Every structure is written in structure tokens, then in C-alpha cells.
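These numbers were taken from a predicted model, which means no experiment stands behind them. Numbers restart at 1 for each chain; the letters A, B, ... are given by sequence-line order, proteins then strands.
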Number of protein chains: 2
Amino acid sequence: MSGPAYTRLENDERRRRLLELGADLFTRNAYDEISMAQIAREAGISKALLYHYFPSKQDYFVATLASGAEELRRRVEPDPELPPAEALTAAIDAYLAWIEDNSEAYEKLLQSAATVPEVREIVEGVRATTVDRILAGIGATTPVARTAVRGWLWFMDGACLDWIAHRDLDRGQVLGLLLGTLGGALMAAGVQLPVTEGSDP
Amino acid sequence: MSGPAYTRLENDERRRRLLELGADLFTRNAYDEISMAQIAREAGISKALLYHYFPSKQDYFVATLASGAEELRRRVEPDPELPPAEALTAAIDAYLAWIEDNSEAYEKLLQSAATVPEVREIVEGVRATTVDRILAGIGATTPVARTAVRGWLWFMDGACLDWIAHRDLDRGQVLGLLLGTLGGALMAAGVQLPVTEGSDP
DNA sequence: CAGGCTACTGACCGGCGGTCAACAAACCGT
DNA sequence: ACGGTTTGTTGACCGCCGGTCAGTAGCCTG
């Protein structure tokens, strides 16, 4: 009986708001706990408009993840100036710090990764390159070394989930556990570790 | 224009056939890759009848898993006569043997576990009791030891998935990797292992 | 061959992800 | 002040999903 039926926004602005909303909603609910209709209602728009900006729910979800993933990638990127061992330590510590800052998002991400094929592939890809990086860093090539590193990445996620579920460890302890376990796994895989000189203050 | 419109079966017989079919279908397709309508069609019955025997898709899925899970539990049950260390070794080896025999089922199970809440809870429960068992066996009580063991269970699944994906290791190698990594993780967690006497022939 | 027990079915429900033609808010030149 | 154009936006619709229910019909008993 009065003003306009809806407010018209510029393309970029609407997109920006939807991404922001999605980042929020998807850290509070896992992928299939929330429907596109609910999201649209929350955004105060029609479902059709949501689909106008993002071709599918998966695409919307992935786009929503993108900025966070970019930040994570930046923080975790190993310093090429450091020797491999310290670069790895620094990268893991950065990873742990990110998880500490974004624990809900981390939990929901792992949960959703199993469900959404596209995310699954992204995570798998990251893991694969990480495995290669580590194997290259220690000069190991045997199948059992590959299995050890791949298993260790799972160890990492399991330990992190336990960590943020209980919050009764500090980051340093988790870091030590992860590094020590990686060493143990590689030893069990029969890998000869290149000795780093004088690095235990 | 002729015979009966459908064949009537006895309650138990129908149930048996549906469970058998489900065990087959769910090892070839993950939980939400297949719909109840498809399953019913495959079984040659109406969807309503399927729901007459199982109150929900989740229940059907869990029931389908039950027999396999029972067999796994039986095979993995540790021998109480053995000292803890050897009992653990035997249990892990049995677990690996089961995976070797049922690799598709194992893969689909892990995939579905993330999706189906009820299965997720079952798997979580099994993991929790396993963690307690191991912690009790080594007499460890610290949070970091708990995190180490919990993470190691993830390591186990990750390593097994890699193993059956590549099939370039034999079971003994995987067993050695798992045991060695558990030792490494516990060491990294600062656990003093009770020494077993003379057990490396 | 009548009658009952119950294994079975067809039709229906709300909600999902996804699509489409049509509408209207804002900006434009006049 | 106003008609035309652009394009951000909408309501109605689709097929499929998990799940429900009143009613049908195969089989066994007498």
C-alpha cells in the first residue's frame, strides 16, 4: 500500500552481501542442514534471485568458502627461505593458528567436505599436493612413505578435531604432537630422515 | 491379463531378501547416491512396502550394515588371554584383514558415515571405546595422550584408504606402519610405554 | 467356496534443488 | 514531467526426494 515492493541493489553489492551471509550461515550449519529457500528468506530475497547470482547450491557454497580458503592458503604458504624442516613447522603452526581462530568453520568444513563432491575434490587436491611436498622435502619415494604421510594428514585432522572439541591443550602441545607423530610415522615407514644440524635450543 | 499382480512372501523371507539387496546396493552406491524408490524398484516391490519393513531410510541402512558390523566386531575382538600389546597387534591385523576382504564396503561406509548421523554416531562410539581401551592398556590419562590416540585412529583410516586405493603394500607393511606410528604418537605425547619383554623374534 | 489375516499397493504430502517468463525499480534523454 | 530502456527481481512451476495411509488382493483355513 505504499513504497516499492523491493529494494534494487547493484550487482556487485548484492553479490557481496550474499557471500557475506553465506559465510556466516555455512559456518553455523553444515551444507545440507540449510536449504536454498531458507537462505533466500534469511537474505530477504526470492530463491530465484539467489540462483540468478549463483548457478547452483554447490557453487554458492564453494564461492562462500573461497575467501576463507584464500586466507588459509596465504597463512599456511611455507617460507621458501627456510630449510624444509622449519618451513614445515611454521606451516603447521600457521594451520593450527587458523583453526584456533576459525574452529566452527573448520568443523563444518570437514563435515561438509564429505558431503559436497566439489569440496571433497578441493580438499583431496590440497592433501595430495601437501603429501607430494612433504615427500619431496624428505626425499622419500616408497609407497609406504606415501601411505604414512597421507595417513598423517588424517591424523592431523583427527587430532585437531579432538583439540577444538576439548580445548584442554595449547597450540604448542598440538604442534609437538603432530611433528613427533610425523617423525614416528616416517620412521615406521623406514624413511631415513635427513639430519638437521643443531636445532633444539 | 493372467497371473497374480504380485507374489506374496512371508515376513521374514521378504525382510531377509531386502537386507541382502541393501547390503549389495549400499556397497556399490553411497547412502545418498541411491533413493528408496530406486531400491524398491530394484527389489521389485512398492516403496510403501519397503517402508513397511523399515521405518526410515536410515534404519534400513543401519540394519543393512548390522550383519557386516557384527562380523567385524567378532573378528576384531581382542583376545583377553594375550598381553595388551599383542592383543592390540592381533586386533589391528584382524581389522586390516577385514578391510582387505571388504574394501568397497569399507570405502562406502566411511563415506556414508559422514553423511548419515546415526552411522556417524555408531562410528564415533566405536572410536571412543577404542580410545579408552588403548589408553587403559598403556595406563595413560593426559589430554595429549587422548588426542594422540584419537588422531591415530584417523591415521588408521587414512592409511587404510590409501592402501586399498593403491594396493601397493602388503598387510604386514601396513600393520608395521600403524604400530610404529602409534608408538611415535604416544612418545610425542610424552607417554612412558610399559616395556614388553623379549617379543621381537 | 466363503471369509479373514495381512502382505502388499497407488495416490498423496511437504520440501528439496533448480528453471523461466514476466514484472517493475531506477536511470536515461528529452 | 515523462516515455523508454535496462536489468535486478519475482511468483509459479518442474521432477524427485523421504515418508504416510487408506484400501486392495494374495494366500490359508474351514
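- Close to D:dT6, at under 4.0 Å from its OP1 or OP2, lies no side-chain N or O of A:Arg8.
- B:Tyr60 comes within contact range of no nucleotide atom at all, as no heavy-atom separation falls under 4.0 Å.
- For A:Phe26, the ring-ring contact (aromatic ring centres under 6.0 Å, His included) partners two or more places apart in sequence, or in a different chain, are A:Tyr60, A:Phe61.
- Whole-Å rounding puts the A:Asn11 CG to D:dG8 P distance at 5 Å.
- The existence of a salt bridge linking A:Asp162 and B:Arg127 is excluded, since no basic side-chain nitrogen approaches an acidic carboxylate oxygen closer than 4.0 Å.
- Judged as a salt bridge (charged side-chain N to carboxylate O under 4.0 Å, His left out), and not counting sequence neighbours, A:Asp32 has no contacts.
- Under the salt bridge (charged side-chain N to carboxylate O under 4.0 Å, His left out) criterion, B:Arg8 pairs with no residue at all, not counting sequence neighbours.
- For DNA chain C, the outermost nucleotides in 5' to 3' order that have an atom under 4.0 Å from a heavy atom of chain B are C:dC5 to C:dG10.
- Listed by chain and residue number, nothing satisfies the salt bridge (charged side-chain N to carboxylate O under 4.0 Å, His left out) test with B:Glu42 (two or more places apart in sequence, or in another chain).
- The pair B:Arg73-B:Glu70 counts as a salt bridge, with a side-chain nitrogen and a carboxylate oxygen less than 4.0 angstrom apart.
- Look at A:Arg74 and A:Glu77 and you find no salt bridge, because none of the NZ, NE, NH1 or NH2 atoms lies under 4.0 Å from a carboxylate O.
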* Which letter, B, S or -, goes with each nucleotide of nucleotides 12-23 of chain D from 5' to 3', with contact meaning a protein heavy atom under 4.0 Å? -> -----SBBBB--
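- Salt-bridge formation is not detected for the pair B:Arg16/B:Glu10: no Lys NZ or Arg NE/NH1/NH2 atom is positioned less than 4.0 Å from an Asp or Glu carboxylate oxygen.
- Within the nucleic acid shown, A:Phe54 has no heavy atom closer than 4.0 Å to any nucleic acid atom.
- As a whole-Å value, the separation of A:Arg15 CZ from D:dT7 P is 16 Å.
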